[in-house]
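Before any comments, here is the structure.
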Protein chains: 2
Amino acid sequence: MRPTVHDIAAAAGVSLATVDRVLNQRPGVRHVTREKVEAAIREIGYVRDVAAANLAKGRTYSFVFIVPASDNSFMHGLNAEVMAAVARSPVERTDIRTVEVPAFDPAALAAALDTLRAERPAGVALVATDAPEVRDAVDRMVQDGIPVVTVVSDLTGSLRHHYAGVDNIAAGRTAARLLGRFLGGAKGDVAVLAGSMLVRDHRERLEGFSAVMADEFPDLSILPVIEGRDDPDMAHMLVSDALSKRDGIIGVYSLGAGNRGLIRALKETSVARVLTVVAHELTDHTRAALLDGTIDAILNQDAGHEVRSAIRVLKAKADGLSVIDAQERIRLDIFLKDNLP
Amino acid sequence: MRPTVHDIAAAAGVSLATVDRVLNQRPGVRHVTREKVEAAIREIGYVRDVAAANLAKGRTYSFVFIVPASDNSFMHGLNAEVMAAVARSPVERTDIRTVEVPAFDPAALAAALDTLRAERPAGVALVATDAPEVRDAVDRMVQDGIPVVTVVSDLTGSLRHHYAGVDNIAAGRTAARLLGRFLGGAKGDVAVLAGSMLVRDHRERLEGFSAVMADEFPDLSILPVIEGRDDPDMAHMLVSDALSKRDGIIGVYSLGAGNRGLIRALKETSVARVLTVVAHELTDHTRAALLDGTIDAILNQDAGHEVRSAIRVLKAKADGLSVIDAQERIRLDIFLKDNLP
DNA sequence: TCATTTCTGATGTACGTAAATCAAATTTTT
DNA sequence: AAAAATTTGATTTACGTACATCAGAAATGA
């Protein structure tokens, strides 16, 4: 049988009340007594029954998700996953709320964080915009004892407890190798379509991509990055333009979220022209394009996993428990037309 | 606030005891009364507080993992993950036990299942050997009301509640496309190394692989399957032999678990000979081979995820709860040297 | 109608922890 | 040594559910 508080009390030769004071770091325990109790806890290997504790506390974790108000498919998907978690939340004794902030607006995000901090939620998850003021706001939150995790996009140098997202440098490197290998030693140009170089994850993907391209596929040269602002029409125009101007293009890497325009542009090129294309984020559009051969591979991060992982981590931090690292690693999914879910 | 049993009682105009009888399907409730209570439950949207219920029951789920006693890296890894789950089990109110059975021995597996059934565990997970007697034993278990999930290898046609493993046909197809694309239109032979064609997952992988090869890469021809019984020495001998005899071999697909021998054989071939290799299962050996370029891609199923997923599903079934399908889908991991964990 | 069976209500205890109260013991200060 | 402050013990209630018991009500059979 699992040891209980009563067993600690007996083992330490103190009363239940004292054990409770030690366990919940309440005042009124002498140092020596506290140590005695802690020794007993270690010795008999007591672990608090979180379910019973939460029942007694009548606790509901109130978590907040701060999501950017941008309207690309990926963010919509992320939102849907958060909503699904909200729907499940009563069963899991959580009360999840979302707060929308303007996309790519560090000041607004920092302000939202500071407002939230006053409400002292049990945990906060945010899609970080990589800026000093955001980092400082996050650090203030952490120093106030509120667990914070970043989702999708990280905030290096901050005190956030966890990042639930993929390694974007590795993603870029992987894209480069796939594209390079698929092109099988051919010589030519590679076009890169990004959303914006102001976003950290896009920058990192490009960084990884460029590194591997330079090191291992010297016959392929990367053209200046096309910034499509994740807008379908803009991406369509820019890509069409590039394809018509440069007939040396044999490969395309789309590292952003605006794939609808890219796909349209690709479908308009002459059938004789064979392009190898690697894109990010699995959506209805990219899925269809993968199946019909317009796209050759899709790299993806599973928004559902990211959301659920963020919640698990927040809960564990709130309970002072440890997390299973391997379980919380967000993997980079590689989809070919054969292994689509 | 979440509705409780008291709320149901009030809403249905009956006593707490009656609500309890309905909820736990105890006898002694008239049909009309039962319906009245069930209507109230639906109406106010009551969901049982599983944590409180388990606390009251003093319940610990006793689950059993039946694993084959084979000693390849993958099964060792699987065992380690089960042990890790056992270590966590007291915290999660589970009592997990493992039972070893001889590998590829349907009779032994079926016998083990029937023995276990008498003990009425709260759930059973097994690495299935695909045979009618195993299927029947599993069906008996399910009909006795014991949740059953298959792990790694499935048992089609059975009543098992869930399969925690990858789609092996899709895995084979993916391997074919990777190999085909990496070979970039070259003409030649492809060698396939399997453990044994008696194992269902290996058969399925080969099936998927062959299908895509035939359809989309007609310039590549598959040589007769080499069965290495997942034994390093045997695999080494057979692969070396094949490579020396057939100099048309330009690609290798290793769909089994005996990669140590394969890697040794590959390293012994002349440096001038460039082979493209796709293998299954990420182990220390395959990881090293991927990094040094001996292997080009590794397909993997995460044993840890499979074990944790199996436990989650068993728990949910035991509690009569639903599972999040997307969360329980075991994904096929594709590793290139850039996205290793 | 009465006896019998079946159904329902009322009530209490338990699970493991949290949190509060008040009394008693111990230590520290004066 | 007395007074004050601090530490500790004993005890109770609560969380939401499970489960058992017993009494009383309603339905059924004769």
Side-chain angles (χ1 to χ4, degrees), chain A residues 1-41 44-61 90-95 122 318-321, chain B residues 1-41 44-61 90-95 122 318-321:
Chain A
M1 268 288 97
R2 231 175 117 179
T4 73
V5 278
H6 295 85
D7 300 321
I8 308 177
V14 300
S15 81
L16 217 60
T18 304
V19 173
D20 180 67
R21 289 180 186 117
V22 172
L23 276 176
N24 298 291
Q25 28 225 9
R26 270 185 265 276
V29 184
R30 239 185 326 163
H31 190 66
V32 280
T33 315
R34 166 157 277 138
E35 296 221 311
K36 205 165 60 177
V37 173
E38 280 166 352
I41 291 175
I44 67 176
Y46 168 84
V47 263
R48 182 198 246 106
D49 184 326
V50 182
N54 288 340
L55 178 61
K57 275 196 274 219
R59 163 174 209 166
T60 58
Y61 307 80
V91 184
E92 295 164 6
R93 277 209 151 61
T94 49
D95 170 27
D319 285 333
L321 296 176
Chain B
M1 270 288 97
R2 236 177 109 177
T4 73
V5 278
H6 295 85
D7 301 321
I8 307 176
V14 299
S15 79
L16 217 58
T18 303
V19 174
D20 180 67
R21 288 178 186 117
V22 173
L23 276 176
N24 298 292
Q25 30 226 4
R26 271 186 264 278
V29 184
R30 239 186 325 163
H31 190 66
V32 280
T33 314
R34 166 157 276 136
E35 297 221 309
K36 204 166 58 179
V37 173
E38 280 166 352
I41 291 176
I44 67 177
Y46 169 83
V47 264
R48 184 198 245 105
D49 183 327
V50 184
N54 287 341
L55 178 61
K57 275 196 271 216
R59 165 174 208 165
T60 59
Y61 306 81
V91 185
E92 294 164 7
R93 277 211 150 62
T94 49
D95 170 27
D319 285 333
L321 296 178

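Predicted, not measured: the structure shown is a model, and the values here were computed from it. So that the names make sense, note that chain A is the first sequence line, chain B the second, and so on, each numbered from 1.
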Closer to the 5' end of DNA chain D via nearest nucleotide, is it Leu55(B) or Arg34(A)? Arg34(A)
Rounded to the nearest 0.5 Å, what separation is found between the CD1 atom of Ile8(B) and the NZ atom of Lys36(B)? 13.5 Å
By side chain to side chain contact (heavy atoms under 4.5 Å, CB included), Asn54(B) pairs with (sequence neighbours left out) Val50(B), Lys57(B), Arg59(B), Tyr61(B), Arg93(B), Asp319(B)
Going by heavy atoms in the side chains, are Ile41(B) and Leu23(B) under 4.5 Å from each other? yes
Any idea which heavy atoms bring Val37(A) and Ala12(A) closest together, and the distance? CA-CB, 4.1 Å
May I have the distance from Asp49(B) (atom CG) to dT17(C) (atom P), rounded to whole angstrom? 16 Å
How close do Ala318(B) and Ala122(B) get, heavy atom to heavy atom, and via which atoms? CB-O, 4.1 Å
To the nearest angstrom, how far is Leu16(A) atom CG from dG16(C) atom P? 12 Å
Sub-3.5 Å pairs of nitrogen or oxygen atoms, protein against nucleotides 4-7 of chain C:
{"residue": "dC7(C)", "atom": "O3'", "partner": "Arg30(B)", "partner atom": "N", "Å": "3.4"}
{"residue": "dC7(C)", "atom": "O3'", "partner": "Arg30(B)", "partner atom": "NE", "Å": "3.4"}

Could you state the CG-P distance from Asp319(A) to dG16(C), rounded to the nearest angstrom? 19 Å
Which pairs count as salt bridge (Lys or Arg N to Asp or Glu O under 4.0 Å) when at least one residue sits in residues 5-18 of chain B, sequence neighbours excluded? none
Please report the distance, rounded to the nearest Å, between CZ in Arg59(B) and C1' in dT17(D). 14 Å
In whole Å, I'd like the distance from the CD1 atom of Ile41(B) to the P atom of dG16(D). 17 Å
Report all interatomic pairs (protein N or O, nucleotide N or O of nucleotides 19-24 of chain D) with separations under 3.5 Å.
{"residue": "dC19(D)", "atom": "OP2", "partner": "Arg26(B)", "partner atom": "NH1", "Å": "3.0"}

Closest non-hydrogen atom pair between Arg34(A) and Val22(A), with its separation: NH2-CA, 4.0 Å
What is the distance from CD of Glu92(B) to P of dG16(C), rounded to the nearest Å? 18 Å
Atom CZ of Arg2(A) to atom C1' of dT17(C): distance rounded to whole Å? 11 Å
Quick one: which residue pairs count as a salt bridge (Lys or Arg N to Asp or Glu O under 4.0 Å) with a foot in residues 16-31 of chain B, not counting sequence neighbours? Asp20(B)-Arg26(B)
For Pro3(A) against Gly45(A), the heavy-atom pair lying closest together: CG-O, 3.8 Å
Of Val32(B) and Ala52(B), whose closest DNA chain C nucleotide lies nearer the 5' terminus? Val32(B)
Are Thr60(B) and Glu92(B) close enough that some pair of their side-chain heavy atoms sits under 4.5 Å apart? no
When you measure from every atom of DNA chain D, which of residues 3-11 of chain B have a heavy atom less than 4.0 Å away? Thr4(B), Val5(B), His6(B)
Tyr46(A) OH to Glu38(A) CD distance, which is reported to the nearest 0.5 Å: 13.5 Å
Using a heavy-atom cut-off of 4.0 Å across all strands, would you classify Val50(B) as base, sugar-phosphate, or nothing? nothing
Can you find a pair of side-chain heavy atoms, one from Val47(B) and one from Arg2(B), that are under 4.5 Å apart? yes
Between Leu23(A) (CG) and dA19(C) (P), how many Å, whole number? 11 Å
Measuring from the side chain of Ala53(B) (C-beta onward, heavy atoms only), which nucleotide among dG9(D), dT17(D), dG9(C) has the closest atom? dT17(D)
Is there a side-chain polar atom (N or O) of Arg48(B) under 4.0 Å from OP1 or OP2 of dA18(D)? yes
